[in-house]
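Scroll down for the structure; my scribbles are underneath it.
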There are 2 protein chains.
Amino acid sequence: MRESSAAEARPYHHGDLRRALIDAASRLLEAEGPSALSLRAVAREAGVSPAAPYHHFKDKGELLEAVAQEGWTLLDKALASAKARAASPDKAINELGVAYVCFARENPAIYRVMYDTARDREDLPDQMKGDKDSAYCKVRDTLVEAGADPTDTLNIELATTAAWCSAHGLAEMAGFKQFEHLKEACGGEVPFLRAIFEHMGLVSHMTPE
Amino acid sequence: MRESSAAEARPYHHGDLRRALIDAASRLLEAEGPSALSLRAVAREAGVSPAAPYHHFKDKGELLEAVAQEGWTLLDKALASAKARAASPDKAINELGVAYVCFARENPAIYRVMYDTARDREDLPDQMKGDKDSAYCKVRDTLVEAGADPTDTLNIELATTAAWCSAHGLAEMAGFKQFEHLKEACGGEVPFLRAIFEHMGLVSHMTPE
DNA sequence: ATGCCCATCTAAGCGCTGTCAAGATATCTT
DNA sequence: AAGATATCTTGACAGCGCTTAGATGGGCAT
């Protein structure tokens, strides 16, 4: 009776059906889109009966939450490597933003699931907001490194929130074809994103000029 | 054979089932949430058989598109009256932003449907982007009135897009309970929104200082 | 090694869904 | 008055999420 730990190490019949289901769901999700994903299809993809998933997840929502968790982990990695790549601290925020949007654009289905499950609970996962080196804290620390006053916590939190919301809004809208001509005028999608983030002026309001 | 015009004036049996279905859908949507909305429930609410809606809409998606259309019209009105209320041009953009987010927070279900249907087609409705006095143009004009150079069209479009994305991101995230303490610290939801928009600095980058 | 326990998986079924085809009914046109 | 046509209903199909009951087989105590 040691399956109370976070992840069952070695289930019985299938090997690791929980893992297989999450993978199958991610696969179908990115292939068919979030609205087309059914629990039965996931079971089919994993080669088990339609009722099998219910021994590993309370319901469909819980499976999606597990998929979303994976997504937040991936996003965390993407942001970490973007921050490592950034040349100077005051350019790092916009680079984080670009990396954020690129992640969302490259994994549209999982990105959608991440926010859909979060909104259902009106609660962002700890992974994003709570942990010491979460994505949120990465943004906040970057703002401080860029010159924001670390003692003015309200202002820092507001700025971090502003940055996050901007990136999320851009991530959701960058796919609309109305912006195609703007992307071309900027010379590609990434330059377009950079230009938008510069317009948002996320740093200038934090530094004591 | 004059039903080819935008809205059937006076259909046969029901009176105006198309209208009644849209209203019923809006009602159920705001009451039960987007995920709980079924076409059959809409028909039930309108007092007709489950197949009746198919004489007015190709499928469920087309009904939702009609509901979304109503939403864009409502949003347009909200933004127009916010702009009329604004004291000075350089404060108007942030006021538009606050009004935008308030609309989304007061009509969460319809707001979701607006963007869900738009994303399905990767295409925003003309009502938002195309028309001469659409919501998009309202934001752009406000930026010009606040001092942006109207001849630099690329810059204006980027700034308008940046503003729109920021507002949309904020609208989607303002519901998360992680931000409750920030709202309290700011003295309410609207002051919180104002503070965030100020951090986004949407105007400062447009005016030639 | 045997036998029990229980986790895992399957089979079958419930009520729901979106959608369609066929038929009934009311309105418009002539 | 009669035919055409738009509207609405009935009945059906496949698929969905989820539940219950039963089959299967690995882990563990004896």
Side-chain angles (χ1 to χ4, degrees), chain A residues 1-25 28-29 31-68 109 113 116-117 120, chain B residues 1-25 28-29 31-68 109 113 116-117 120:
Chain A
M1 189 87 84
R2 66 181 177 350
E3 79 290 356
S4 62
S5 68
E8 283 100 320
R10 184 177 42 86
Y12 299 65
H13 296 70
H14 177 282
D16 193 346
L17 183 54
R18 184 189 161 88
R19 180 75 265 144
L21 288 169
I22 294 175
D23 290 346
L28 290 177
L29 217 42
E32 318 277 351
S35 63
L37 185 82
S38 77
L39 197 52
R40 294 175 106 107
V42 173
R44 234 174 286 139
E45 172 89 3
V48 293
S49 81
Y54 288 89
H55 293 271
H56 299 271
F57 303 97
K58 186 172 113 299
D59 54 18
K60 184 184 177 182
E62 206 170 277
L63 169 58
L64 288 178
E65 279 182 32
V67 173
V113 169
D116 281 350
T117 63
D120 285 351
Chain B
M1 191 93 76
R2 73 195 176 330
E3 77 291 353
S4 62
S5 69
E8 282 101 319
R10 183 178 45 85
Y12 301 66
H13 296 69
H14 178 282
D16 193 346
L17 183 53
R18 184 190 160 88
R19 178 76 264 144
L21 288 170
I22 294 174
D23 290 345
L28 291 176
L29 216 42
E32 319 276 352
S35 63
L37 185 83
S38 76
L39 195 51
R40 293 176 106 106
V42 173
R44 236 173 285 140
E45 171 90 2
V48 292
S49 81
Y54 286 89
H55 294 270
H56 299 272
F57 303 97
K58 188 172 113 296
D59 54 18
K60 184 183 178 182
E62 206 169 276
L63 169 59
L64 288 178
E65 278 182 34
V67 173
V113 169
D116 281 351
T117 62
D120 284 349

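Chain A is the first sequence line, chain B the second, and so forth, proteins listed ahead of strands; every chain is numbered from 1.
Atom CG of Leu17(A) is separated from atom P of dG26(D) by 16 Å (rounded to the nearest Å). Taking atom CG on Leu64(B) and atom P on dT17(C), their separation rounds to 15 Å, with Å as the unit.
Remark: Ala52(A) engages Leu17(A), Val48(A), Ser49(A) in a side chain to side chain contact (heavy atoms under 4.5 Å, CB included) (not counting sequence neighbours). Not a single side-chain hydrogen bond (donor to acceptor under 3.5 Å, both in side chains) links Asp120(A) to another residue, sequence neighbours left out. Partners of Asp116(A) by side chain to side chain contact (heavy atoms under 4.5 Å, CB included), not counting sequence neighbours, listed by chain and number: Arg112(A), Arg119(A), Arg112(B). Asp59(B) pairs by the side-chain hydrogen bond (donor to acceptor under 3.5 Å, both in side chains) definition with nothing, not counting sequence neighbours.
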What donor-acceptor contacts under 3.5 angstrom involve side-chain atoms of residues 35-47 of chain B, with partners at least two apart or in another chain?
residue  : atom : partner  : partner atom : Å
Ser38(B) : OG   : Ala41(B) : N            : 2.9
Glu45(B) : OE2  : Arg27(B) : NE           : 2.9
Glu45(B) : OE2  : Arg27(B) : NH2          : 3.1

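The side chain of His56(B) places no N or O atom within less than 4.0 Å of a non-bridging phosphate oxygen (OP1 or OP2) of dA6(D).
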Can you give one letter per nucleotide of nucleotides 14-22 of chain D, going 5' to 3': B for a protein heavy atom under 4.0 Å from the base, S for sugar-phosphate only, - for none?
--BBBB---

